[in-house]
Amino acid sequence: VTTPPAAPGVRSYAAIMQADRQRVLRMMHGPARATIVKAPPGAGKSALVRGIASDLVTQDESRVLPIAVMTRAQADEMTVRLHQDMPTVPIGRLHSSGAPLSGAVTALAAAHPSVVHTSTELPELILAGARVVIAPAAKWAYLPEGLRRFAWMIVDEAWQMRSDMLFHIAGIADRALFVGDPGQIASFTTLSDTERFQASPHSPIRPAMELVVRNHPDLPVHRLRYSWRLPPSAAPLVSGCWYPDVPFEAGTAPGTRSMRLARPRGRSTPRNARIHAALDQAAATDWAYLELPRTSGGPADPEIAGTLAALAHHTLTRSATVASELGHEQHGRRLTPADLAIITADNRQVAAVQTALEDLGTPPGIAVSTADRIQGREFAITYVWHSLAGQIEASAFSLTPGRMCVMASRHRHSALVVGSLGLDQSLLDYPDETPVLIGEPEPLLDPLDVHWRFAEHLYRHRVS
Amino acid sequence: MAYDDPMIMAEEVLAGRAFVGTCMATNVEHRETKPGNTRPSPVPLVTVRTAQRPPLPIDSTVWWATHRVKGQIRAVTPAQWQAQDEPGDRPYLVEVALLAGHQRGRLVPVAGERCTLANLDPNPTSPPRPAVKVPWTHLPQETP
């Protein structure tokens with residue numbers, strides 16, 4: 001979620017967003033059944049979806065507009081933001097009985113009972129007059145066939161969806177708008193015998209959008225060109241590594257954003273000297289790569305977990321403040337735990353980092369999450385468990401380009417990456433045994449090549 | 001999945017998604033007002049003693065594997081090493097609040113009982129029924 005700059009950066013957010021919105025609406029009204037919007041990280045994707053939704057509803061083209069997102073949190077966020085954008089239009093949040101709504105949505109529905117509706121049943125929302133109904137794709141998938149067919153459907157975060165999910169929801173509307181970030185990752189499958197889906201036009205295990213584009217190469221595509229989240233120190237790197245077909249730039253000028261840290265307090269040990277050096281490096285250049293000696297504590301190495309926790313902890317103890325083009329940050333703003341996120345590759349690492357934070361007595365509120373779950377979210381500072389750190393050897397999972405891309409593109413100010421010695425060697429040693437499957441599309445990115453380029457960047461910001 | 005199969009649960013313990021402990025005490029009188037409710041309902045509290053620090057952080061959802069009771073880790077505190085502990089043990093006391101499936105406090109571990117607490121949902125929802133017709137997105141474009 002990107003908040004538009006209050007003061008101008010280098011480009012006018014409002015003018016660019018308006019032009020994108022009009023262009024996408026024109027494409028949607030062309031002959032194709034679906035329009036695709038490819039959005040790099042922080043390009044104002046959600047704002048575009050909300051804008052199009054309000055256009056479709058006010059032009060009365062669609063009596064009820066379904067919006068599918070990928071997670072419950074995204075559905076709750078979309079509900080709250082959409083109501084802010086169009087406070088008089090009745091909207092509905094369709095949810096499953098087992099999954100509670102966020103406090104924000106419950107409070108909103110209680111405060112505005114005539115315009116914000118929540119229910120586990122679609123007919124109830126429609127009877128209540130909802131013009132836009134928001135639900136995770138997994139909820140839309142349970143809609144009985146033939147219950148309702150809509151004129152339009154918007155799918156947000158479409159690149160996080162796997163093809164089997166789209167199979168369930170593609171039929172609910174005549175025409176669709178797919179919006180998403182092609183650098184993100186669709187959920188992986190735990191099936192073991194996936195070879196039988198090879199080259200199938202409806203393979204259930206491929207990312208949904210890859211399949212749609214393959215089956216329908218002529219669908220109109222619009223690309224957003226500016227990231228309002230990533231600073232100029234990150235946008236060209238992320239664009240060059242992971243977005244060969246959606247090149248983008250930062251919407252803000254170099255020097256617009258900065259981070260300041262107070263002097264470290266307390267006794268200096270070699271370990272916390274490294275932590276503070278990495279923080280200083282990040283404050284100066286927006287990036288830091290803290291390289292630990294080759295660790296062997298397994299995939300959830302406590303040393304790496306402790307280092308990440310300490311970096312976040314000392315960002316707070318050193319009273320970090322950030323300044324940016326945003327109105328409330330123009331004169332500097334003190335960071336709180338909610339501004340920070342620690343991003344790992346798997347769930348065991350999440351648990352290890354959370355335990356380390358508990359041990360340090362860090363105030364609660366820091367987001368600790370896997371890359372897969374933190375997609376679409378934005379923070380001031382991120383701390384990244386390099387997907388190859390603590391691995392004895394690289395694996396296909398740890399090399400997945402999208403996973404590292406999500407990790408490297410969540411921050412507005414700085415990203416601090418923790419890795420272990422020998423990153424370059426483990427990339428060199430990786431036996432690339434990816435089979436060439438007949439009929440399968442050639443991947444857009446070569447995982448090893450992308451990791452090399454990112455590693456070269458990290459080595460320029462190394463603290464060891 | 002066979003959550004009552006100790007061999008399967010052993011794998012979960014090794015993978016850091018579950019832990020085993022001995023129930024030390026329970027409080028079945030405890031009540032809490034759950035989100036969305038106006039009145040408090042029974043939320044039994046169970047204190048489990050483990051040989052090592054559990055791999056799951058506070059607020060994790062855990063299932064009492066053999067009985068399909070859903071709980072949440074509330075507190076994790078180091079405990080005193082005692083003579084009956086193994087030499088390498090670093091015992092902890094884990095407080096778990098039972099949130100669902102405890103049959104109003106009747107299905108709760110008793111003091112002294114060994115229990116496996118796993119961060120897994122033993123009641124996965126069934127997948128949606130596939131569409132009768134393959135949607136247009138999943139079919140190659142028709143050439144006019």
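Naming: A, B, ... by sequence-line order, numbering from 1 per chain.
Judged by distance alone, the side chain of A:Glu358 and the main-chain N or O of B:Ile58 form a donor-acceptor pair under 3.5 Å. Remark: side-chain polar atoms of A:Asn215 are not paired, donor with acceptor, to backbone N or O of B:Gln141 under 3.5 angstrom.
Surrounding CD of B:Gln82 are more than 12 heavy atoms belonging to other residues, nucleotides or ligands, all under 6.0 Å away. By the neighbour-count criterion of 12 heavy atoms within 6.0 Å, atom CZ of A:Arg175 is densely surrounded, having more than that number from other residues, nucleotides or ligands. The environment of A:Arg206 atom CZ is dense: over 12 non-hydrogen atoms of other residues, nucleotides or ligands sit within 6.0 angstrom. Counted within 6.0 Å of CZ on B:Arg90, heavy atoms from surrounding residues, nucleotides or ligands total 12 or fewer; the atom is thus considered open.
Between A:Ala351 and B:Pro57, the closest heavy-atom pair is CB-CD, 3.8 Å. Contact detail for B:Pro135 and A:Gly171: the closest heavy-atom pair is CB-N, 4.3 Å. Shown here for A:Ser163 and B:His138, the closest heavy-atom pair between the two residues is O-NE2, 2.9 Å.
Put simply, CG on B:Leu139 and NE2 on A:His216 are 6.5 Å apart, with the number rounded to the nearest 0.5 Å.
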| field | side-chain contact (heavy atoms from CB on, under 4.5 Å) between A:Arg348 and B:Leu56, worked out | value | CA-CA 8 Å; A:Arg348 283 169 298 179; B:Leu56 303 165; over 6 Å; no
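Proximity to chain A (any heavy atom under 4.5 Å) is shown, for B:Arg17, by neither the backbone nor the side chain. With a 4.5 angstrom heavy-atom cutoff, A:Asp218 touches chain B via backbone and side-chain atoms both. Residue A:Ala34 touches chain B through both its backbone and its side chain, counting heavy-atom pairs closer than 4.5 Å.
By the 4.5 Å heavy-atom criterion applied to side chains, B:Thr137 and A:Met209 are not counted as neighbours.
Of the listed residues A:Asp359, A:Ile169, A:Leu219, A:Asp164, the one with more heavy-atom pairs under 4.5 angstrom with chain B than any other is A:Asp359.
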